[in-house]
Amino acid sequence: QQKVQQSPESLIVPEGGMASLNCTSSDRNVDYFWWYRQHSGKSPKMLMSIFSNGEKEEGRFTVHLNKASLHTSLHIRDSQPSDSALYLCAARGNNRIFFGDGTQLVVKP
Amino acid sequence: EAAVTQSPRNKVTVTGGNVTLSCRQTNSHNYMYWYRQDTGHGLRLIHYSYGAGNLQIGDVPDGYKATRTTQEDFFLLLELASPSQTSLYFCASSGQGNYAEQFFGPGTRLTVL
């Protein structure tokens with residue numbers, strides 16, 4: 001059973017647009033989320049992490065967390081072609097970390 | 001930034017063959033992980049370790065053994081490789097505790113014919 005579900009599977013946005021990615025955990029023990037970005041042919045790198053209710057902003061990237069629903073979202077404003085990548089959500093629960101299957105983002109010039 | 005290296009970067013073997021994938025991290029991290037990544041899937045955890053001599057079973061351990069010989073070195077062993085183990089393998093390390101960021105190596109692409 002997949003403990004971390006991401007949606008959509010793929011997303012196309014125009015350059016300069018807003019990309020919104022979602023992640024939900026089915027495990028009530030989850031208490032920490034990460035977002036990783038993986039460019040084609042490269043290894044994943046952490047983008048942002050969040051464990052408190054609310055939002056966190058770093059440049060063009062904003063992460064939201066609703067702990068009651070165990071839902072986190074990543075929003076990328078002013079999307080650039082260089083943001084095209086696989087975005088992986090990870091969640092910590094029961095002393096384990098689980099990754100979702102990712103959202104493939106394509107930003108079209 | 002954390003440095004994690006993997007070798008080999010590419011490996012081709014035949015069904016039933018013996019394969020060892022190596023991972024080394026030079027940042028004194030306690031935790032190390034082996035993942036596989038297949039098209040349509042994210043990262044699936046094979047084995048992980050808290051420190052030298054320690055081994056924990058992940059979510060997809062069948063057909064894999066692992067050994068952590070030192071704090072720096074973590075090995076993944078496929079003793080009777082099968083085509084279903086054709087995949088991209090990543091090693092990662094993180095500091096103390098599961099709240100720490102994971103740093104990934106460049107990956108090893110394994111093909112089992």
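As a basis for the values below, the full set of heavy atoms in this structure was taken, side chains included, without hydrogen atoms, waters or symmetry mates. Just so it is clear: chains get the letters A, B, ... in the order the sequence lines come, proteins before strands, and each one is counted from 1.
Heavy-atom neighbours of K42(A) NZ from other residues, nucleotides or ligands within 6.0 Å: at or below the threshold of 12. By the 6.0 Å contact criterion, CZ on R60(A) is enclosed, its count of non-hydrogen atoms from other residues, nucleotides or ligands being greater than 12. Counting heavy atoms of neighbouring residues, nucleotides and ligands inside a 6.0 Å radius, atom CG of L77(B) exceeds 12 of them.
Here the OH atom belonging to Y35(B) is positioned 5.5 Å from the CD1 atom belonging to I97(A), to the nearest 0.5 angstrom. One finds the CG atom of L43(B) at 9.5 Å from the CG atom of D101(A) (value rounded to the nearest 0.5 Å). In this structure, CE in M48(A) is found 12.5 Å from CD in E101(B), a value given to the nearest 0.5 Å.
Among all heavy-atom pairs drawn from Y48(B) and R96(A), the shortest one is OH-CD, 3.0 Å. Taking both residues in full, the closest heavy atoms of F90(B) and S43(A) are given as CE2-CB, 3.5 Å, listed atom of the first, atom of the second, then distance.
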Applying side-chain contact (heavy atoms from CB on, under 4.5 Å), run through D59(B) and F98(A) and close with a yes or a no. CA-CA 9 Å; D59(B) 299 316; F98(A) 301 94; 4.0 Å; yes
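In the hydrophobic clustering of ILVMFWY residues, with side-chain heavy atoms under 4.5 Å counting as a link, M32(B) and L21(B) come out together. Hydrophobic clustering (ILVMFWY, side-chain heavy atoms < 4.5 Å, transitive): V60(B) and Y89(B) are in one cluster. There is a path of hydrophobic side-chain contacts, each under 4.5 Å, that joins V63(A) to L11(A). Tracing side-chain contacts under 4.5 Å through hydrophobic residues (I, L, V, M, F, W, Y), one never reaches M18(A) starting from L21(A); they form parts of separate clusters. Residues L88(B) and I46(B) do not share a hydrophobic cluster, clusters being chains of Ile/Leu/Val/Met/Phe/Trp/Tyr side chains in contact below 4.5 Å.
Looking at Q38(A), the atoms closer than 4.5 Å to chain B (heavy atoms on both sides) all sit in the side chain, from C-beta outward. Looking at Q56(B), there are no atoms closer than 4.5 Å to chain A (heavy atoms on both sides), in backbone or side chain. For a residue to count as touching a neighbouring chain, one of its non-hydrogen atoms must lie under 4.5 Å from one of that chain's; by this rule L45(B) touches chain A with the side chain only.
Of the listed residues (A92(B), G107(B), G42(B)), the one with the most heavy-atom contacts under 4.5 Å to chain A is G42(B).
The side-chain heavy atoms of Y36(A) and Q102(B), taken from C-beta on, include a pair separated by under 4.5 Å.
Contacts between residues 79-89 of chain A and chain B, counted as heavy-atom pairs separated by less than 4.5 Å, involve L86(A), L88(A).
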